[in-house]
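Just so we're clear, the structure is a prediction, and the values are computed from it rather than from any experiment. Per chain, numbering begins at 1; letters A, B, ... match sequence-line order.
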Amino acid sequence: MPEGRGEDLFEQRVEKAKRLRERGIDPYPPRYKPTHTAEAARALYTQHELAGDAHPSDIISIAGRIVALRPMGKAAFIGLLDGGDKLQVYLKKDELGDAYDLLKELDFGDFIGAKGKLFKTRTGEITLEAAEFTLLAKALRPLPEKWHGLQDVEKRLRQRYLDLISNEEARKIFVIRSKTVSAIRRFFEQRGYLEVETPVLVGVAAGASAKPFITHHNALDRDLYLRIALELSLKRLVVGGMNRVYEIGRVFRNEGLSFKHNPEYTLLESYEAYADYQDIMSMVEQMVESVALEVLGTTKVTHDGKEIDLKAPWKRLDLRQAIKDTSGVDFEDYPDGHELANKLREMKIEVDRGDSRGRLIDKLLSTYVEPTLIQPTFLVDYPLDMSPLAKKKQDNPRFVERFEGFAAGMELANAFTELNDPIDQMERLSEQERLSKLSADGETDRLDEDFVTALEHGMPPTGGLGMGIDRLVMLLTGQDTIREVILFPQLRGK
RNA sequence: GGGCCGGUAGCUCAGCGGUAGAGCACUUGACUUUUAAUCAAGGUGUCGAGGGUCCGACUCCCUCCCGGCUCACCA
């Protein structure tokens, strides 16, 4: 072996694997069946201990990745990471004889299995004293540094497995994410909802205003889009008599990245016949409260140093009033888009040529109101201009029955009483198409004529909801960037 | 895309005109209850890439690549 050449951390380990093979030891044996996980072993010991037995006689086996290695001559402690839990193994030459020498060929990162009895060390750590141990998989590359862990953001995200191995916080976040999604599923199931799956590849990217990704189907020789929303598919199902449906699915928006935007993200949408937006509003606050309790055991979370209480009921604010209070502008004083655009320019808000009135109101909202919404809040009753799929308010047709839910200064949910008048829907989507051709970026909702045809067959009064799962998880885990709650977020380059 | 900050050993970082550093990891040895084990000894390297200035560049200048933060668009 070359004497201590640095590049050969890898080579050294390949050599070790080779030496093991020469000794008849397979560095990658096909299977190993531990009797216990690290967690179960710990529980087992605690159970015996409570019964007054500090030296249980059970012979058990565990397996895991070596994350600590403290050899002390003729004995050694090895810390194993198994799933999210750690358990220590104690190896003794007295006990193991020649097999003990195998220790020399072990490294941080290797997987081993060990079989023996549990005991507690003099410092109180539950430990498995190995009567035998087995190499399960040799690691050829070194793990990140044990004390500081892996800090390099790019490396953490591109090689997420390293992040998961060395940063416990990262593991916890994704456990919470998983539990959140299953708590949401239980919530809907209890309310008699059906979970469905609808197409990702669609002929028209409609249901929201966002730029789609375009792809091509070869056999059909036709461009298709990746969906930007679930809405129109799900409403077709309501037309078809599926009265309570939801989908948790990935949607794709061909737009910039930021701390709260990833080009593909997980959207929950639900539709309930014979519900209206008020019903949906109470459902949202109940859902978030119950999910938080189930997943975290509390409704209180911390975000950016501030405590946020997700407990229902949430505050309700009238949108128009909230914008007026924070910006001083009553957008109803500016019924014409051009006048409102001029007003915004006066206020030093950047305005693009072709911004619709709805778009301008949205700018007021996100500039003045959104940052102030730290505690969970519903903004209620949106102007018609920014909501082409929502039903008009009966007492004021310039507004629609729509709300959005906010917390930590972020939009979390968007919901409305669904527009089910096909003639009105056709007009409003046609108007969007017209605006789309005027606007600089083409980001308006698109007309999906087939969807309107579905409405023409009759859709019952329906309340619908959209909620960003990633952002909900950010809130629940106190993370301030979306990348920390997505296992493999989109990065620049490569 | 614009502005600001950064890229040095496997990892975490220092050095910022005078010939490359620390801790951890690694290698060798000692050590039979350790906890970031300890003790002794040893080698870590295209200092992101290319060009320039200079007697001399990791250090200064230019270009490019990669990343972070931020602004703009979007949920």
Side-chain angles (χ1 to χ4, degrees), chain A residues 1-13 15-16 67-79 86 88-96 100 104 107-109 119-125 127 129 140-158 162 166 208-212 228-229 251-269 349-352 355 359 362-363 366-367 370 404-406 410-414 439-444 466-472 474 480-483 491-494:
Chain A
M1 216 173 39
E3 294 305 315
R5 293 273 100 185
E7 61 156 351
D8 321 67
L9 292 171
F10 182 83
E11 286 303 322
Q12 280 169 15
R13 292 184 174 208
E15 280 302 318
K16 283 182 177 176
V67 291
L69 192 53
R70 291 184 283 273
M72 297 172 301
K74 296 188 178 60
F77 286 93
I78 297 182
K86 288 180 188 169
Q88 182 170 261
V89 173
Y90 181 49
L91 304 183
K92 218 165 36 164
K93 181 140 175 118
D94 288 350
E95 190 77 30
L96 294 159
Y100 183 83
K104 281 207 268 299
D107 290 293
F108 279 93
F119 74 108
K120 212 171 209 178
T121 64
R122 74 166 65 126
T123 48
E125 181 155 348
T127 302
E129 179 163 354
L140 300 180
R141 295 189 188 278
L143 254 30
E145 203 237 20
K146 62 186 173 188
W147 189 239
H148 298 90
L150 187 61
Q151 301 294 324
D152 184 87
V153 175
E154 187 185 4
K155 200 149 207 147
R156 284 187 43 233
L157 301 179
R158 285 194 201 282
L162 295 178
S166 50
S209 44
K211 280 195 205 110
I228 57 173
V251 299
F252 306 85
R253 300 192 177 181
N254 204 342
E255 281 151 3
L257 288 73
S258 86
F259 72 95
K260 53 179 176 179
H261 298 96
N262 195 63
E264 53 179 304
Y265 71 100
T266 302
L267 184 60
L268 158 71
E269 285 197 27
I349 296 178
E350 213 171 297
V351 172
D352 293 325
D355 273 353
R359 180 82 201 90
D362 193 41
K363 281 188 174 172
S366 50
T367 308
E370 197 171 324
E404 290 189 307
F406 296 82
M410 266 188 318
E411 182 187 337
L412 282 184
N414 176 25
S439 104
D441 53 14
E443 281 183 36
T444 65
M467 184 152 131
I469 297 297
D470 313 84
R471 289 187 180 177
L472 177 63
M474 283 171 71
D480 52 14
T481 92
I482 199 168
R483 295 184 316 186
L491 303 175
R492 294 166 194 265
K494 291 189 181 162

With rounding to whole Å, what would you report as the distance between [N] and [M] at their [atom1] atoms?
| N | M | atom1 | result |
| --- | --- | --- | --- |
| B:C47 | B:G10 | C1' | 16 Å |
| B:U33 | B:A20 | P | 44 Å |
| B:G67 | B:A36 | C1' | 29 Å |
| B:A49 | B:C11 | P | 15 Å |
| B:U44 | B:C39 | P | 22 Å |
| B:G56 | B:G17 | C1' | 8 Å |
| B:C58 | B:G21 | C1' | 12 Å |
| B:U63 | B:G2 | P | 13 Å |

Give me, pair by pair, the N or O atoms of the protein and of nucleotides 11-14 of chain B that are less than 3.5 Å apart, along with how far apart they are.
residue : atom : partner  : partner atom : Å
B:C11   : OP1  : A:Lys155 : NZ           : 2.9
B:C11   : O2'  : A:Glu145 : N            : 3.2
B:C11   : O2'  : A:Gly149 : O            : 3.3
B:U12   : OP1  : A:Gln151 : N            : 2.9
B:U12   : OP1  : A:Asp152 : N            : 2.8

Between [X] ([atom1]) and [N] ([atom2]), how many Å, whole number?
| X | N | atom1 | atom2 | value |
| --- | --- | --- | --- | --- |
| A:Arg141 | B:C26 | CZ | P | 16 Å |
| A:Glu154 | B:C66 | CD | P | 10 Å |
| A:Leu257 | B:G68 | CG | C1' | 13 Å |
| A:Glu125 | B:A37 | CD | P | 11 Å |
| A:Arg156 | B:G10 | CZ | P | 21 Å |
| A:Lys260 | B:U70 | NZ | P | 11 Å |
| A:Asp107 | B:G10 | CG | P | 16 Å |
| A:Leu69 | B:C31 | CG | C1' | 15 Å |

Value rounded to 0.5 Å, distance of [atom1] in [X] from [atom2] in [Y]:
| X | Y | atom1 | atom2 | result |
| --- | --- | --- | --- | --- |
| A:His148 | A:Ser166 | NE2 | OG | 12.5 Å |
| A:Met72 | A:Phe77 | CE | CZ | 5.0 Å |
| A:Asp470 | A:Ile482 | CG | CD1 | 4.5 Å |
| A:Lys363 | A:Ile349 | NZ | CD1 | 8.5 Å |

Check side-chain hydrogen bond (donor to acceptor under 3.5 Å, both in side chains) between A:Lys74 and all other residues, then give those that pass, not counting sequence neighbours.
-> none

Given [options], which nucleotide is nearest the side-chain atoms of [X]?
| X | options | value |
| --- | --- | --- |
| A:Leu9 | B:C31, B:U33, B:G10 | B:G10 |
| A:Val153 | B:G68, B:G10, B:U33 | B:G68 |
| A:Ser258 | B:C73, B:U33, B:C31 | B:C73 |
| A:Phe108 | B:U34, B:C73, B:A25 | B:A25 |

A:Thr127 to A:Gln88 - nearest heavy-atom pair and separation =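 For A:Thr127 and A:Gln88, the tightest heavy-atom pair comes out as OG1-NE2, 3.0 Å.
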
Which part of the nucleic acid does [X] contact within heavy-atom distance under 4.0 Å: base, sugar-phosphate only, or nothing?
| X | result |
| --- | --- |
| A:Glu404 | nothing |
| A:Asn262 | base |
| A:Lys16 | sugar-phosphate |
| A:Lys363 | sugar-phosphate |

Determine which nucleotide pairs with [N], using a 3.5 Å limit on both distances of a Watson-Crick or G-U wobble pair.
| N | result |
| --- | --- |
| B:U38 | B:A30 |
| B:C60 | B:G52 |
| B:A20 | none |
| B:G67 | B:C5 |
| B:A14 | none |

Give a yes or no on whether a donor-acceptor pair under 3.5 Å exists between the nucleobase atoms of B:U27, that is its base, and the side chain of A:Gln12.
-> no

Does any donor-acceptor pair link the side chain of A:Arg122 with the base of B:U33 at a separation under 3.5 Å?
->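 In this structure, the two groups form no donor-acceptor pair.
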
Side chains of A:Glu129 and A:Lys92 in contact at under 4.5 Å (non-hydrogen atoms) = yes

With side chains defined as the heavy atoms from C-beta onward, is the minimum distance between A:Arg483 and A:Leu257 less than 4.5 Å?
-> no

Tell me whether the OP1 or OP2 atom of B:G68 has a side-chain N or O from A:Arg483 closer than 4.0 Å.
->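 So the side chain of A:Arg483 is within the cut-off, an N or O lying under 4.0 Å from OP1 or OP2 of B:G68.
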
Does A:Arg70 have a side-chain nitrogen or oxygen under 4.0 Å from the phosphate oxygens OP1 or OP2 of B:A36?
->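 So the side-chain polar atoms of A:Arg70 never come under 4.0 Å of the phosphate oxygens OP1 or OP2 of B:A36.
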
Give a yes or no on this: more than 12 heavy atoms of other residues, nucleotides or ligands lie within 6.0 Å of atom NZ of A:Lys93.
-> yes

Walking RNA chain B from its 5' end, the first of A:Gly468 and A:Lys93 to be reached, judged by nearest nucleotide, is A:Lys93

Does a salt bridge link A:Arg70 with A:Glu125, judged by any charged N lying under 4.0 Å from a carboxylate O?
->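 Salt bridge absent between A:Arg70 and A:Glu125.
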
